[in-house]
There are 2 protein chains.
Amino acid sequence: MAKFSAIKQHLYRKIASGEWPEHHPVSSENALSQQFSVSRMTARRALQELADEGLVIRSKGSGTYVAPIKSQTSFMAIRNIADEVRERGHKYHAVVHTMRQEQATANVAEFLQLPANTPVYHSVITHYENHDPVQVEERWVNPKIVPKYTSQDFTKVTPHEYLSSVAPLTEASHQIEAIAPVEHVMHWLKLEKPEPCLRIQRRTWSESGVVTYALLTHPGSRFVLGGHLTFKKN
Amino acid sequence: MAKFSAIKQHLYRKIASGEWPEHHPVSSENALSQQFSVSRMTARRALQELADEGLVIRSKGSGTYVAPIKSQTSFMAIRNIADEVRERGHKYHAVVHTMRQEQATANVAEFLQLPANTPVYHSVITHYENHDPVQVEERWVNPKIVPKYTSQDFTKVTPHEYLSSVAPLTEASHQIEAIAPVEHVMHWLKLEKPEPCLRIQRRTWSESGVVTYALLTHPGSRFVLGGHLTFKKN
DNA sequence: TAGTGGTCTAGACCACTTT
DNA sequence: AAGTGGTCTAGACCACTAT
């Protein structure tokens, strides 16, 4: 393994384990270069890459500090929340609250383009970053396209991963809005007081039709959706 | 300007102008270090940062090449709020609250990649759909790139339209989050009670650098951000 | 084999923050 | 004044690609 990469791993562990909480000072370039017997440029690279990933904040003349947890996610791609959390060097886990077959409400039936009162699968899962909930995923699934949905273990594979494997995405639509959370959601997100939440409503299609409809709710204090675009002429 | 940054600008122009199309080879590290009389490490940094931004692709033993155009450009196409409102068949109008030159705060200076305390232009505008405010636009503009910004009439042309005409976009980054509005914003949006708001933080670049930094705040009860994606095989 | 990118060194000077 | 991060140099060795 490259030296700068070994140093990154060392720092990842300090941060992910919670040994260095938010705003905690991170070893300086000089300290790391001595500790790992590398040149300052190599130690610097490790710190710089962590800063680019948003895990630490560097400030000239002062030092490097563990960044506050305010996740940033790309909205350009439909990503797997578990991978995102892990890429940030944090621990991921999920809690499944609901997993059953239901009669579709009028609303859900419309989104899934099914007749009302037909059976659909419904799951509710909270996704955690370290020990804080970062997303509640309420999802309804078309049982004709994904008949084995309810027998999966979603603490090990996210619904997104599983669905992608059995019914490859061809199309997706999103709506993003700011809402005040209802009581259920507050409970799942462990919010003591109401706070503005970012809600993503998503429908995804495969070749055989609408696969799933999802409501993804994130606490405003712990989540930022980010994206980067480049434009070319023509 | 730092040397690596000057080299980036040089390469940026080659790519943005179309002189180097997709897959066109980019000058090698050694070539750039000779051309600009810098060490290879400095030339390397310019290329590496362009690769991180997704503008070029580097491949060991072979060389560096202009990256292919990203698909899905349409998802969060940067739209003009006035056009959106009119497309929904509603009346649009704008109220300009602030339009002046200011000293950049540390925050603004950082986003615009300018030294602190340099002059910047600052505008605050509320955009209306029929008689309701739908967006407060707080914007800071780089006066070196857009010297005549403050003499425009933004009740007739939106800042976005004007900026696009004088400094064509080459790049943009967004952050979307749910927030509770501060008092100023509540006033501009004519909110009597606090309600969750959707805030889009956007930086846009042209060939000459960061053009503008904007905070777009929408009342959660009146605004939904939508997008649609289609995926192609391979 | 020549050229390229990937990694690394052991210095250096600067602007900045903290004490 | 001491420490920090930001930039830069002039070398070096390596693995890989193309010819």
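Among residues two or more places apart in sequence or in another chain, the ring pair (Phe, Tyr, Trp, His ring centres under 6.0 Å) test is passed with Phe4(B) by none. Qualifying ring pair (Phe, Tyr, Trp, His ring centres under 6.0 Å) partners for Tyr162(B), counting only residues two or more places apart in sequence or in other chains: none. Residues satisfying the salt bridge (Lys or Arg N to Asp or Glu O under 4.0 Å) test with Glu161(A), not counting sequence neighbours, are none. Remark: Glu29(A) pairs with Arg40(A), Arg44(A), Arg58(A) by the salt bridge (Lys or Arg N to Asp or Glu O under 4.0 Å) rule, at least two apart or across chains. Residues that satisfy the side chain to side chain contact (heavy atoms under 4.5 Å, CB included) test with Ala31(A), not counting sequence neighbours, are Ser27(A), Ser28(A). With sequence neighbours excluded, the residues satisfying ring pair (Phe, Tyr, Trp, His ring centres under 6.0 Å) with Tyr213(B) are Phe111(B), Trp140(B). Applying the ring pair (Phe, Tyr, Trp, His ring centres under 6.0 Å) rule to His24(A) yields the partners Trp20(A); only residues at least two apart in sequence or on another chain are considered. Arg199(B) meets the side-chain hydrogen bond (donor to acceptor under 3.5 Å, both in side chains) test with Glu177(B); sequence neighbours excluded.
Applying the ring-ring contact (aromatic ring centres under 6.0 Å, His included) test to every pair with at least one member in residues 30-59 of chain A, sequence neighbours left out, gives these pairs: His10(A)-Phe36(A).
First and last contacts of DNA chain C with chain A, using any nucleotide atom under 4.0 Å from a protein heavy atom and ordered 5' to 3', fall at dT7(C) to dT17(C).
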Provide a list of protein-nucleic acid N or O atom pairs under 3.5 angstrom, restricted to nucleotides 17-19 of chain D.
unit_1  : atom_1 : unit_2   : atom_2 : d
dT17(D) : O4'    : Gly61(B) : O      : 3.3

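DNA chain D is contacted by both Arg40(B) and Ala43(B); Ala43(B) maps to the nucleotide lying nearer its 5′ end (nearest heavy atom per residue). For the pair Arg44(B) and Met41(A), nearest-nucleotide mapping onto DNA chain C gives the more 5' position to Arg44(B).
Residues from residues 23-34 of chain A that place a heavy atom under 4.0 Å from any atom of DNA chain C: there are none.
Taking the six-membered ring where the residue is Trp, the centroids of His23(A) and Tyr65(A) are separated by 6.0 Å or more.
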